[in-house]
Amino acid sequence: MLVLAIAGFSVWATRDLTKALEVTIATLVVTCPCAIGLAVPLAKELSLLALKRRGVFVRSQGLLDRAVAVRRVFFDKTGTLTLGRMTLDAAFRERLAELPAEERTILYEMSIRSNHPRSRAIVAALADLDTTDADMGSIALASDSISEHPGLGLECRHDQVYRLGRPSFVLGEDGARGDATMFGRDGVVLLSLTFDEELRGDASDEVARLQDAGLEIELLSGDSPDRTRKVAEQLGIAPEHAYGGLTPEEKSERVRALDRHDSLMVGDGLNDAAGLEVAFVAGTPAIDHPSLPARADFYFLGEGIAAVRLVLAAASQLHRVVRTNLTVAVAYNAFALALCFTGHVSPVSAAILMPISSIGLVLLTVYRMKGKEGVWTS
């Protein structure tokens, strides 16, 4: 602007020095930086407010800028696309009741220290037996006797080694696979359990809407391949895009291998932490694991996954609004400068025109960001 003002002064100075001063002052006054200084920050703030009102909280300032590039979404299964509520049927509850009291108490102590949906289902089933409290006092477990191995299961060292989790973890065999969760002692299976899980109410609809928008969806899970493919089929995800039996490291490698700065990963467990860190954009519905929101660009509340689509839609809308604002600003400044250089705008007129243009661009931004629903207004 200073260069253009000097140029305008130089052209008019040879004809009329007074007019040259008027042109210079008008040029400096009429130009409007509000598209960058006011309208763009305002649009971003309104986008963040709209998301917050819908239970989506953004941690990364650059989220909406990066989310525009997302073309692939990785979903964890358990607790992300499912409600995280699992149940044991009557047959498996009977097997729990048949366990000796000591082993049943150890299983309870192990399960209650984990937030995994399967652990919570075991705790609920054991609590229903009404025998745990009576037996609890007969066993004293050290505070550090129970440890969690993300993606594998739980381990308790009490005279012997008890494990709850994957077959390979419980049996100590790398090739051991299966859909069941096992409880064992020193590599010997004491109990084998299978669970039923419930999809989030909007999971199928939201996955379909993301696919209709041209996004590629992949399902990553530490659960068995068969169960993972079954859930993928319910959600309308292609079987070749459903990967089960993955360790946390394998999840991370899958995301890293396909991440061309266009991926978004959503997960809720500690076994998803590595994948969240390497994804271009990361989100989580988990707020009970403090470490997960710290690794994610956004986190959300509620029992649905609509937050993923809302974030992508907000990023797309913001991109359109910013692009329009910059286009309008360039057009206004070019037109105003042309009038100034030809001597048709006085300093007083420029002083009136500039705030009018600023107010107009801000109002345009508010109108476009408000949309039909006005989600950010009170």
Side-chain angles (χ1 to χ4, degrees), residues 44 47-84 198-221 228 231-232 234-238 241-243 251 254-255 258-269 271-273 275-289 292-320 371 373 375-376:
K44 287 186 176 181
S47 295
L48 297 178
L49 181 57
L51 290 173
K52 183 178 179 180
R53 287 182 178 274
R54 292 189 171 187
V56 185
F57 300 88
V58 176
R59 293 190 62 258
S60 172
Q61 290 186 355
L63 168 64
L64 296 181
D65 297 323
R66 287 182 282 115
V68 177
V70 170
R71 295 294 177 270
R72 185 193 309 270
V73 180
F74 297 96
F75 280 110
D76 168 55
K77 179 178 69 67
T78 305
T80 303
L81 292 177
T82 65
L83 285 174
E198 181 182 356
L199 290 175
R200 290 182 181 267
D202 66 346
S204 297
D205 182 57
E206 289 297 329
V207 167
R209 296 178 73 170
L210 291 173
Q211 290 174 328
D212 290 343
L215 297 170
E216 185 175 321
I217 310 297
E218 289 203 4
L219 185 59
L220 309 179
S221 178
T228 302
V231 171
Q234 292 177 272
L235 295 170
I237 299 174
H241 290 160
Y243 299 86
K251 283 186 179 183
R254 178 64 185 172
V255 175
L258 296 182
D259 183 13
R260 299 183 298 274
H261 299 297
D262 66 354
S263 70
L264 185 159
M265 180 173 179
V266 185
D268 79 313
N271 58 342
D272 301 311
L276 295 177
E277 287 186 339
V278 301
F280 187 54
V281 178
T284 178
I287 58 174
D288 51 348
H289 291 296
L292 288 185
R295 289 178 168 87
D297 295 298
F298 68 95
Y299 62 95
F300 52 95
L301 308 178
E303 293 195 345
I305 60 167
V308 176
R309 178 176 51 82
L310 291 176
V311 167
L312 298 178
S316 179
Q317 182 189 30
L318 177 62
H319 180 70
R320 291 193 302 269
E373 300 180 8
V375 294
W376 56 266

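Numbering starts at 1 and runs along the sequence shown. The shown structure was predicted, so the numbers you read here are calculated from the model rather than taken from an experiment.
Contact between S204 and L199 at its shortest, heavy atoms only, is OG-CD1, 4.3 Å. Contact record, V266 with P285: CG1-CD, 4.2 Å, taken as the closest heavy-atom pair. Nearest heavy atom pair, residue V56 against residue A307, reads CG2-CB, 3.5 Å.
Residues forming a side-chain contact (heavy atoms from CB on, under 4.5 Å) with N271 (at least two apart in sequence, or on another chain): P248, K251.
Remark: K52 NZ to L48 CG distance equals 10.0 Å, nearest 0.5 Å. Atom CG in D202 sits 9.5 Å away from atom CZ in R209 (nearest 0.5 Å). Taken to the nearest 0.5 Å, the OG1 atom of T228 stands 12.0 Å off from the OH atom of Y243. To the nearest 0.5 Å, atoms CD1 (I237) and CG (L81) are separated by 6.0 Å. For the atom pair CZ (F298) and CG (L64), the distance works out to 10.0 Å, reported to the nearest 0.5 Å. Separating the CD1 atom in I217 from the CG atom in L235 is a distance of 10.0 Å, to the nearest 0.5 Å.
In summary, R200 and E303 do not engage in a salt bridge, as defined by a charged side-chain N under 4.0 Å from a carboxylate O. Under 4.0 Å is where a charged nitrogen must lie from a carboxylate oxygen, and between K44 and D65 at least one such pair does.
Within the 4.5 Å cutoff, the side chain of L220 has heavy atoms near those of the R254 side chain. By the 4.5 Å heavy-atom criterion applied to side chains, R72 and L215 are not counted as neighbours. For the pair V207 and Q211, the minimum side-chain heavy-atom distance is below 4.5 Å. Side-chain contact between L210 and F75 is present, with at least one heavy-atom pair separated by less than 4.5 Å. Using a 4.5 Å heavy-atom cutoff, the side chains of F74 and L258 are in contact. Residues D262 and V70 are not in side-chain contact: their nearest non-hydrogen atoms beyond the backbone lie 4.5 Å or more apart.
In this structure, S221 contributes its side chain and K77 its backbone to no donor-acceptor pair below 3.5 Å. A distance-only check finds a donor-acceptor pair linking the side chain of D297 to the backbone of A282 [under 3.5 Å]. A donor-acceptor distance shorter than 3.5 angstrom exists from the side chain of T82 to the backbone of G79, with no hydrogens or angles considered. For the pair R66 (side chain) and F280 (backbone), a donor-acceptor distance under 3.5 Å is present.
Between M265 and the choices D272, V278, V281, the side-chain contact (heavy atoms from CB on, under 4.5 Å) rule is met once, by D272.
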Candidate pair Y299 and R59, rule side-chain hydrogen bond (donor to acceptor under 3.5 Å, both in side chains), full reasoning
CA-CA 8 Å; Y299 62 95; R59 293 190 62 258; over 6 Å; no

As a quick check of understanding, evaluate side-chain hydrogen bond (donor to acceptor under 3.5 Å, both in side chains) for R71 and S263, giving each step before the final call.
CA-CA 6 Å; R71 295 294 177 270; S263 70; over 6 Å; no

Run L312 and L264 through side chain to side chain contact (heavy atoms under 4.5 Å, CB included) and show every step you take.
CA-CA 10 Å; L312 298 178; L264 185 159; 4.0 Å; yes

